[in-house]
Asks: 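One structure is given below, represented as structure tokens, and several questions about it will come after.
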Amino acid sequence: HVNFEDSNRPRTPKASAYFYSMFDLPVPSKLPNLPASEVPSTAKVVWQKFSSQTDFDRDTFFYGTFPKDFSWGVSSSAYQIEGGWDADGKGPSIWDNFTHIPGNIKNNDTGDIACDSYNKMEEDIYLLRALGVKNYCFSLSWSRIFPSGRNNSINSHGVDYYNRLIDGLVANNIMPIVTLYHWDLPQALQDIGGWENSTLIDLFDSFADFCFQTFGDRVKFWITLNEPQVIAWVGYGLGTFPPNINDPGSAPYRVAHILLKAHARVYHTYDDKYRASQGGVITLCPNIEWVEPKTPSDPRDIEAADRHLQFLVGWFTHPIFKNGDYPEVMKWQVGNRSELQNLPSSRLPVFTAEEREYIRGTADVFCFNTYTSKIHRAVAWGLRRLLNWIKEEYENPPIYIIENGVGIKTTSDVDDNTRIFYYKTYIDEALKAYSLDNVNLRGYNAWSLMDDFEWLNGYDPRFGLHQVDFDNPNRPRTPKRSAVYYAEIIRNNGIPMPKEDEFLYGEFPKNFWWTDKSKCCVTPQRLTGLSIWDQFSHTPLKISNGDNGDVACDSYHKIEEDVEMLKSLKVSSYRFSISWSRVLPDGTTRYVNEMGLNYYERLIDALLAANIIPQVTLYHWDLPQALQNVGGWENDTIVQRFKEYAELLFQRLGDKVKFWITVNEPYNVAYAAPYVVAHNLIKAHAEAWHLYNDTYRAKQGGLISITINSDWAEPRNPHNQEDISAARRYLEVQGHVVTALPAFEGFMLFSVFYCRLPEFTESEKQRIKGTYDYFGLNHYTTVLTYNLNYPAVTDRSWLNSGSFWLKVTPFGFRKLLRWIKEEYDNPPIYVTENGVSERGASDFNDTWRIHYYRSYINEALKAIVLDAVDLRGYTAWTLMDNFEWAVGFDEKFGFYHVNFTDPDLPRRPKASARYYTQIINCNGFPDAAAGPHPCLELESEGKRYSRNCAFLV
């Protein structure tokens, strides 16, 4: 307050002064004097730094937070949201006139009303408050303030609108970031040539001067020009934006020259007249797409990528942040081509020495907009590299991302999962740049506050965090899920690790079973019958690369070698399956192949001699072809055939085998097949279980059950009941075989959804109910479910693997184990498969597999320790790389690499083998903070590696 009645004019701070002081204001800093960029520039170190980065290192999600004064915001622009195109004395802009010509805009949309923010300011400020943003970036409509573009035509209504908006933001502790020009030039100024006329330098400065004088007491962050490359190239080169001048060879360079001078003039006006009293910062805001060299190791491709960035970004930032002039590569290339065209001078204008000095350093911070990367697909990781490039190219200036977002083509996307994934991954890459690379990132703004007019595309696609109903004259706003998600990020100041994801140190129970697994990787021998996979894999085009399992890992001849591998892993048990057709060539007991049976006897003896418990699966998908020829699992007689096969194995092997699995993953056997297949699988399992229970259990003392496969299912929208129901249904469908086994009628609920599902008779129900000794579980990944049917998607932030269906999602493992506990009254659980694949050339330092096992096994430990899940054992898939069904040998899951190009099929351990051995040796994860633990010191060759593992743990 100033007391004007007192000649001393004393000042007294009002309450608003203290409130306003709560802003985390950007601090002006003088930029260093930098030399011109070379080609490639010193920023080539970015490509060199990241060129050797593995997909695992690149894509691993990073948890952390930004500094306390980090500025979170959202952005918009005047023409795109305000409407009121001719309200209260506003003059027309080039976009007003352009959109009024039919055919120029998709669906003939215009910005005449847009989001009607001119009349809905209070509602917009409420949306900003609800988001919790620290700043709001918006642009001023030049023709709303100066209808003719000149200061002799001030529109008080327009000035009042922006004063009220700025006051409303300040009152809610939201810092205004104000863009002076976001493409909507007053038409009156276009009529005199627009940005091709150097008169606009003075006119733009006059407009900016008025804004500084009028709003600068409350606005401390100014942007002169938004995306000047778009103004110059799209408006004057391609001519697709107004003023629609199609002169790509010369006009963009002339316009850019004037834009740079106009920016510098405005900067100096602020610096000379207002900075001392107002204390703000001022800059311009280019748009940048990251570009990746086609071959990062090729210097020519690095040079091409750098040249692209110099033309795209350096065109405007090199003069300001470097030496006042255009990049050398730009001057040379445009000049050289101009000379080849026999032009008297370069099409790229030349700055005088005085102009270069005047332009250099005319920015206090580095702002930019970015949406995607110039790679073969949109990737979030380009943002981290781009931020590193800015750091290296311009010596790490204070950086603000002013626009970042994704458009979705839809009329309604309140449940905008795609946008959430976009922000999740892009913000995480920004977090990596700040936390891991020391990039001086100060703020991030999402584009945009709400759906708006998107230039040539009209109102489609939609970028907003809030949906706007453009068919309703009241333009109601509805928060999308992404608004809730972004508000949570702001509240957390980043993406801190969830409490439930924190690593747990501790040990598994003393009698916990550590297991490795393989399926039958054997060579067919004389008298061995064909299986359905033998026949299928010999059918052209069925298996990737024409691979087959004829030789596979040749484990038939390598029992001793395989057992030595298991011994070195220190596993307590080994799960393998028996080939039905190796033992019974035609699937019946009419003829027993003693050579095949002897192979399994020798394998079991070797395991027991090594103190390794055999876990034997009776059926792992390889049905004898002779049985398939009579209908396979669709023929009811297979139930009896399976029982006879099981009895033979119980008789011949049961004195040494104490852990049996009847059927592996019955869901996958029955998937896409008639429901009678699952019906018969369940009955076959039940008959084998009763046979063992009634005839052999008392003498042999073993366990027998079935193993199902199950992903964990998360609702895509955890607040949507349909998605929650879909997740529940997904789990029930995958486990529908198991629901028949416990002592309740769970299986029958599926008849509600699937009228083709066969019904069990009452006697069959009694026969099936309770036919399990444990819950066998194969688990690999998690999906997101939605709708009422059965679709599922994944989160783009989840790590990939060598299998399209397998995303690395350890959190789902614990949730699934807990769900089984609650759903089935905490049965004893044995995890019978869990692992991750790779593709391409083998990397023996398979850190991604170590990460997978470390994370998943730790979730298993949490399930036991924190959730009281009765988990008895864990089996890793798989001992060695093997034949992976339809993908052949392309996908590799093994702890041991198998060289399939060598007839001897040599095995070689990967780093993950030693790591798994350490987990077994420690029976979990000892806390390194407690000091060295004896279990971390592996024997002989493993000792040196064990120290690395201790660090990993």
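For the numbers below, each heavy atom of this structure counts, side chains included, while hydrogens, waters and symmetry mates do not. One-based numbering along the sequence shown.
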Asks: Could you tell me if Arg384 sits above the aromatic ring of Phe50, with its cationic atom closer than 6.0 Å to the ring centre and no more than 45 degrees from the axis?
Replies: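 No, a cation-pi geometry is absent between Arg384 and Phe50.
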Asks: On a heavy-atom basis, which atom in Asn545 and which in Asp890 lie closest, and how many Å separate them?
Replies: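 Closest approach of Asn545 to Asp890: ND2-OD1, 2.7 Å.
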Asks: What residues, two or more places apart in sequence or in another chain, satisfy ring pair (Phe, Tyr, Trp, His ring centres under 6.0 Å) together with Tyr485?
Replies: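 Per chain and number, Tyr485 pairs via ring pair (Phe, Tyr, Trp, His ring centres under 6.0 Å) with no residue.
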Asks: Report the residues that fulfil ring pair (Phe, Tyr, Trp, His ring centres under 6.0 Å) with Phe61, sequence neighbours left out, ordered by chain and then residue number.
Replies: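 Partners of Phe61 under the ring pair (Phe, Tyr, Trp, His ring centres under 6.0 Å) test: Tyr63.
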Asks: Going by distance alone, is a donor N or O of one side chain under 3.5 Å from an acceptor N or O of the other, for Glu393 and Ser41?
Replies: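 Yes, side-chain donor-acceptor contact under 3.5 Å.
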Asks: Do Ser577 and Thr617 have a side chain donor and acceptor closer than 3.5 Å?
Replies: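 Judged by distance alone, the side chains do not pair up.
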Asks: Walk me through it: do Trp621 and Tyr619 pass the test ring-ring contact (aromatic ring centres under 6.0 Å, His included)?
Replies: CA-CA 6 Å; Trp621 308 354; Tyr619 182 68; 8.6 Å; no
Asks: Strictly below 4.0 Å, N to O, side chains only: are Arg814 and Glu500 in salt-bridge contact?
Replies: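 No, this pair does not count.
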Asks: Distance alone, cut at 3.5 Å: any donor-acceptor contact between the side chains of Thr425 and Asp428?
Replies: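 There is no such pair (donor and acceptor under 3.5 Å, judged by atom type) between the side chains of Thr425 and Asp428.
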Asks: Return the minimal non-hydrogen interatomic distance between Arg385 and Val46, and the atom names on each side.
Replies: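 That would be O-CG1, 3.5 Å.
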Asks: Would you please test Ser579 and Tyr556 for side chain to side chain donor-acceptor pair (under 3.5 Å) and show each step?
Replies: CA-CA 11 Å; Ser579 168; Tyr556 190 85; over 6 Å; no
Asks: Going by atom types alone, do Thr832 and Tyr774 pair a side-chain donor with an acceptor below 3.5 Å?
Replies: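 No.
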Asks: Are His851 and Leu799 close enough that some pair of their side-chain heavy atoms sits under 4.5 Å apart?
Replies: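 Touching, per the 4.5 Å side-chain cut-off.
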Asks: Take the angle between the ring planes of Tyr852 and Tyr856 and call it parallel below 30°, perpendicular above 60°, tilted in between.
Replies: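 It falls in the parallel class, under 30°.
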Asks: Do other residues, nucleotides or ligands put more than 12 heavy atoms under 6.0 Å from the NZ atom of Lys815?
Replies: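 Buried by this count: over 12 neighbours within 6.0 Å.
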Asks: Can you see whether Asn923 engages Glu507 through a side-chain donor-acceptor pair at a distance of less than 3.5 angstrom?
Replies: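 No donor-acceptor contact under 3.5 Å links the two side chains.
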Asks: Under 6.0 Å between the ring centres of Trp798 and Trp712?
Replies: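 Not under 6.0 Å, so no.
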Asks: Does the ring centre of Tyr780 sit less than 6.0 Å away from the ring centre of Trp805?
Replies: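 Yes, close enough.
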Asks: Restricting to non-hydrogen atoms, name the atom on Glu289 and the atom on Leu309 that form the minimum distance, rounded to 0.1 Å.
Replies: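 Taking every non-hydrogen atom into account, O-CD2, 3.5 Å.
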Asks: Between Tyr422 and Asn404, does any side-chain donor sit less than 3.5 Å from a side-chain acceptor?
Replies: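 Note: Tyr422 and Asn404 side chains meet the donor-acceptor criterion.
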Asks: Between Asn834 and Thr875, does a side-chain contact (heavy atoms from CB on, under 4.5 Å) hold up when you go through it step by step?
Replies: CA-CA 6 Å; Asn834 180 240; Thr875 302; over 6 Å; no
Asks: Is Lys424 salt-bridged to Glu429, going by a charged N under 4.0 Å from an acidic O?
Replies: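 Not counted as a salt bridge, because no side-chain N and carboxylate O are separated by less than 4.0 Å.
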Asks: Compare every heavy atom of Asp547 with every heavy atom of Gly888, then report the nearest pair and how far apart it is.
Replies: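 Closest approach of Gly888 to Asp547: CA-OD2, 3.6 Å.
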Asks: Is the shortest distance from a Lys or Arg side-chain nitrogen in Lys499 or Asp501 to a carboxylate oxygen in the other one below 4.0 Å?
Replies: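 Salt bridge absent between Lys499 and Asp501.
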Asks: Kindly assign one of parallel, tilted or perpendicular to the pair Tyr667 and Tyr671, based on the angle between their ring planes and the thresholds 30° and 60°.
Replies: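 Judged by the thresholds at 30° and 60°, the geometry between Tyr667 and Tyr671 is tilted.
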Asks: Report the C-alpha separation of Thr707 and Tyr830 in whole Å, then their side-chain angles, then the decisive distance to 0.1 Å, and conclude whether the side-chain contact (heavy atoms from CB on, under 4.5 Å) test is met.
Replies: CA-CA 9 Å; Thr707 278; Tyr830 288 86; over 6 Å; no
Asks: Which distance, rounded to the nearest 0.5 Å, do you find between the CG of Asn417 and the CZ of Arg716?
Replies: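 These two atoms lie 5.0 Å from each other.
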Asks: Under a 3.5 Å cutoff, is there a donor and acceptor pairing between the side chains of Asn440 and Lys391?
Replies: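 No, no side-chain donor-acceptor contact under 3.5 Å.
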Asks: Any Lys/Arg nitrogen of Asp301 or Lys294 sitting under 4.0 Å from an Asp/Glu carboxylate oxygen of the other?
Replies: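 Salt bridge flag = no for Lys294 with Asp301.
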Asks: Before giving the answer on side chain to side chain donor-acceptor pair (under 3.5 Å), spell out for Ser531 and Asp534 the whole-Å C-alpha distance, their side-chain angles and the decisive distance to 0.1 Å.
Replies: CA-CA 5 Å; Ser531 76; Asp534 292 321; 3.3 Å; yes
Asks: Does a salt bridge link Arg58 with Asp55, judged by any charged N lying under 4.0 Å from a carboxylate O?
Replies: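 Yes, Arg58 and Asp55 are salt-bridged.
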Asks: Crowded around Asp902 CG? As in, over 12 foreign heavy atoms under 6.0 Å?
Replies: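 Yes, CG of Asp902 has more than 12 neighbouring heavy atoms, counting only those of other groups under 6.0 Å.
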Asks: To check you understand the geometry: which heavy-atom pair defines the closest contact between Leu607 and Pro614, and what is its length?
Replies: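 For Leu607 versus Pro614, the nearest heavy atoms are CD1-CB, 4.0 Å.
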Asks: Considering residues, nucleotides and ligands other than Glu395, do more than 12 of their heavy atoms fall under 6.0 Å from its CD?
Replies: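 No - once you tally the heavy atoms of other residues, nucleotides and ligands closer than 6.0 Å, there are 12 at most.
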Asks: Look up atom OG in Ser710 and atom CG in Asn778, then write down how far apart they are to the nearest 0.5 Å.
Replies: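 Here the rounded value is 10.0 Å.
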Asks: How far does OG1 of Thr515 sit from CH2 of Trp877, to the nearest 0.5 angstrom?
Replies: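 Reported to 0.5 Å precision, the distance equals 13.5 Å.
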Asks: Counting only heavy atoms from other residues, nucleotides and ligands, does the tally under 6.0 Å from CZ of Arg839 exceed 12?
Replies: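 Yes.
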Asks: Report yes or no: do Ser555 and Asp562 form a side-chain donor-acceptor pair below 3.5 Å?
Replies: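 Result is yes, a qualifying pair exists.
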Asks: Check Pro926 against Cys922 and note the closest heavy-atom contact, atom names and distance.
Replies: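 Result for this residue pair: CD-CB, 3.6 Å.
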Asks: Going by the angle between their ring planes, with limits at 30° and 60°, are Trp389 and Tyr394 parallel, tilted or perpendicular?
Replies: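 Perpendicular, since the angle between the ring planes exceeds 60°.
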Asks: Return yes if a side-chain donor-acceptor contact under 3.5 Å exists between Asp57 and Thr54, otherwise no.
Replies: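 There is such a pair between these side chains.
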Asks: Spell out, as yes or no, whether a donor-acceptor pair under 3.5 Å connects the side chain of Ser837 to the backbone of Ser803.
Replies: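 Indeed, once roles are kept as given, a pair shorter than 3.5 Å links the two residues.
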Asks: Between Glu303 and Arg300 (salt bridge meaning N to carboxylate O under 4.0 Å), is one present in this structure?
Replies: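 Result for this pair is no, no salt bridge flagged.
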Asks: Apply side-chain contact (heavy atoms from CB on, under 4.5 Å) to residues Val808 and Thr781 and explain how you reach the verdict.
Replies: CA-CA 6 Å; Val808 179; Thr781 192; over 6 Å; no
Asks: Say whether Asp927 and His933, considering side chains only, have a donor N or O and an acceptor N or O under 3.5 Å apart.
Replies: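 The answer is no; no qualifying pair exists.
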Asks: Using 30° and 60° as the class boundaries, would you call the ring planes of Tyr874 and Tyr853 parallel, tilted or perpendicular?
Replies: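 Rings of Tyr874 and Tyr853: perpendicular, over 60°.
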Asks: Please verify the inter-ring angle class for His779 with Phe813; under 30° counts as parallel, over 60° as perpendicular, anything in between as tilted.
Replies: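 Judged by the thresholds at 30° and 60°, the geometry between His779 and Phe813 is parallel.
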Asks: With a 6.0 Å cut-off on the ring centroids, do Phe895 and Tyr915 count as close?
Replies: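 Judged by ring-centre distance (under 6.0 Å), Phe895 and Tyr915 do not meet the cut-off.
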Asks: Kindly determine whether Lys910 and Glu838 satisfy side-chain contact (heavy atoms from CB on, under 4.5 Å), including the steps that lead there.
Replies: CA-CA 12 Å; Lys910 304 172 189 177; Glu838 63 187 282; 3.1 Å; yes
Asks: Would you check if there is a donor-acceptor pair between the side chains of Asn493 and Thr65 at a distance under 3.5 Å?
Replies: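 No, no side-chain donor-acceptor pair sits under 3.5 Å.
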Asks: Could you check whether Asp881 pairs with Arg907 (Lys NZ or Arg NE/NH1/NH2 to Asp/Glu carboxylate O, under 4.0 Å)?
Replies: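 Here Asp881 does not pair with Arg907 in a salt bridge, since their nearest N and O are not under 4.0 Å apart.
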Asks: List the steps, then state whether salt bridge (Lys or Arg N to Asp or Glu O under 4.0 Å) holds for Asp437 with Lys49.
Replies: CA-CA 11 Å; Asp437 308 324; Lys49 171 182 177 179; 2.9 Å; yes
Asks: Does atom CD (Gln53) have a neighbourhood of more than 12 heavy atoms from anything else shown, all under 6.0 Å?
Replies: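 It does: Gln53 CD has more than 12 such atoms within range.
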Asks: Tell me whether the rings of Phe844 and His897 are parallel (<30°), tilted (30 to 60°) or perpendicular (>60°).
Replies: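 Aromatic pair Phe844/His897 classed perpendicular.
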Asks: How long is the gap from CG on Leu806 to CG on Asp711, to the nearest 0.5 Å?
Replies: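 One finds 8.5 Å between CG of Leu806 and CG of Asp711.
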Asks: Is the shortest side-chain N to carboxylate O distance from Lys44 to Glu392 below 4.0 Å?
Replies: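 The answer is no: the pair does not qualify as a salt bridge.
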